[in-house]
Colleague: 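Below: one structure in structure tokens.
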Amino acid sequence: MIDILPQATTKYSLDYYATDPIFSTPVAELRNKAKSIVASLRGRTIWMVNSTASGGGVAEMLPSLIALMNNLGIRFRWAVIRSDRQEFFSFTKRIHNLIHGDTASGTELGAEDARLYEAVNFENVASFKKELKPEDILIVHDPQPLPLGQILSREMGITAVWRCHIGLDRHMEATKTAWRFLKPYLDEYRHTIFSAPEYIPDYCADRSTIICPAIDPLSHKNQELSVTKLTGILCNSGLQTQYEPIVTPNFKHRVAMLTENGSYVVPNSLGLLFRPIVLQVSRWDRLKGWNSLLEGFVRLKSSAFVSNNENKIQRKKKRLELARLILAGPDPGAVADDPEGMDVLRQIQQRYAALDPKLRNDVAIVFLPMKSHKENSLIVNAMQRCASIIVQNSLQEGFGLTVTEAMWKRKAVLGTTACGIRRQIRDGIDGVLISDPENPAEIADKLGLLLNNSLRRYKMGRNGQRRVYDYYLIFRQMSGYINLLEKLI
Ligand code: UDP
């Protein structure tokens, strides 16, 4: 039942990273640190277990992390639990929302839910057990596979660690309900990992570690792109009309754009190479603040249209007039089994269709193909590099890898004060923070400020990249795991 994924590989080995002058020091430090435990871990496998091989932050990080850990000499593997029971994912989404203090999908977690939770995890245990040795270590990600670690730790005495990627910096009835429900499963876990101290429930306080998520700077999502390569990606994916012959063939799966009547077309001319672009790339999740971002942008543009203030510098006016908002997320085919995602998408579509036609032309709702991880990553990379401002208007955010990716690309980022984002962005230094992501007026103001000040955008982008270099590159995350493994053995 459980999927054991083929051994992950990266385009480059750790040796390659080490030869890059920018990464040589962090890699050398990492190797030094790993020396002491490589021998003691020989013969043991560290299993990463989660519930999806693609989409979202966890699936984004695991391939590079696993491949580079193996490169270091520590055997890591990846297993993904499976279930064809739709109600299981609706229920785990409810836990996810409650941990974020959001009660839109329900406020209760009861005995019936627990039965479903355990049954699905039990179904995955049998096939997984055949792969495991008692001395292996499980690192179980997020709530979906949590009971699996409990069962295996009971049945085989295996060491289980829970890695939680979500959380809220406040406690309220909703969060308490979720943590109460999860407690019995967590009791069997030896240790827990969180992204911020604020997220740790009381009963885990004496067995938890903070490890920040991180990005791989040489992955398809984050590697530098030459102008030719970037243009090639835009043309190959359907984001830009091709005026000249190019070396690479079209991607197997093309980008689609929503039209006013609800159908999709290949965009071809989004203006990514020409216009000031304001971009948000995320899953179609209510907590990503899509609607208010769209309203904020509409407000910003409306102010530009009515402006006939002669004192305004022409260039600024033009910039505002040409600015285009791109809301990009997974192709609806990839979200079809996520009723909440479809609902969010419908709401955005309705608002888009109701926009004044002139304004509608300045907004694009774009669907990214998810079938090829490489193509998807290259498309996101190219789009992020074309943006003047990258927004992450999340109502709640455990961490927010999209923010890290944008900072690494030296972009001005407009984030929110959601805990995961404000831990990354120092307001006014590495980006700008919106205090109320549901207030279009504030969003419009801050977008306008950033758009009209290219020097400020440049400085923030530079600071942002430095901050990612210091705290959020994969080497630091690997080092966090090594510290923890040392403790466990
Ligand atoms: N992402 C992507 N394609 C999409 C939407 C998102 O590749 O259509 C990626 C995005 O670049 C980031 C990850 O998915 O790497 C989302 O991680 P984040 O921590 O921002 O949010 P999560 O989805 O985990 O809540």
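In each ligand, atom 1 is the first atom listed, and ligand 1 is the first ligand listed.
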Colleague: When you check the gap from the basic side-chain N to the acidic O, do R422 and E397 get nearer than 4.0 Å?
Modeller: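 Judged by the 4.0 Å cut-off on N to carboxylate O distance, R422 and E397 do not form a salt bridge.
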Colleague: Please tabulate protein-ligand N/O pairs under 3.5 Å for ligand 1, atom names and distances to 0.1 Å.
Modeller:
unit_1   : atom_1 : unit_2 : atom_2 : d
ligand 1 : 3 (N)  : N376   : OD1    : 3.4
ligand 1 : 7 (O)  : K221   : NZ     : 3.0
ligand 1 : 7 (O)  : N376   : OD1    : 2.8
ligand 1 : 8 (O)  : P330   : N      : 3.2
ligand 1 : 11 (O) : K221   : NZ     : 2.9
ligand 1 : 11 (O) : E405   : OE1    : 2.8
ligand 1 : 11 (O) : E405   : OE2    : 3.4
ligand 1 : 15 (O) : K221   : NZ     : 3.4
ligand 1 : 15 (O) : E405   : OE2    : 2.4
ligand 1 : 17 (O) : G57    : N      : 3.3
ligand 1 : 19 (O) : L401   : N      : 2.9
ligand 1 : 20 (O) : L401   : N      : 3.2
ligand 1 : 20 (O) : T402   : N      : 3.2
ligand 1 : 20 (O) : T402   : OG1    : 3.4
ligand 1 : 21 (O) : K288   : NZ     : 3.3
ligand 1 : 23 (O) : R283   : NE     : 2.6
ligand 1 : 24 (O) : G57    : N      : 2.8
ligand 1 : 25 (O) : R283   : NH2    : 2.8
ligand 1 : 25 (O) : K288   : NZ     : 2.8

Colleague: Is it true that N70 and Q7 share a donor-acceptor pair across their side chains at a distance under 3.5 Å?
Modeller: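 Indeed, the side chains of Q7 and N70 share at least one donor-acceptor pair under 3.5 Å.
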Colleague: If only side-chain N and O atoms count, and only distance matters, is there a donor-acceptor pair under 3.5 Å linking Q392 with T402?
Modeller: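 Judged by distance alone, the side chains do pair up.
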Colleague: Does N71 reach the main-chain N or O of L14 with its side chain, forming a donor-acceptor pair under 3.5 Å?
Modeller: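 Yes, the answer is positive, given that a donor and an acceptor are paired below the 3.5 Å cut-off.
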Colleague: Please check if any side-chain donor atom of D216 sits under 3.5 Å from a side-chain acceptor atom of Y17, or the reverse.
Modeller: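 Distance-only check passes for D216 and Y17.
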Colleague: Could you tell me whether R476 and D470 have a side-chain N and a carboxylate O separated by less than 4.0 Å?
Modeller: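 No salt bridge links R476 with D470.
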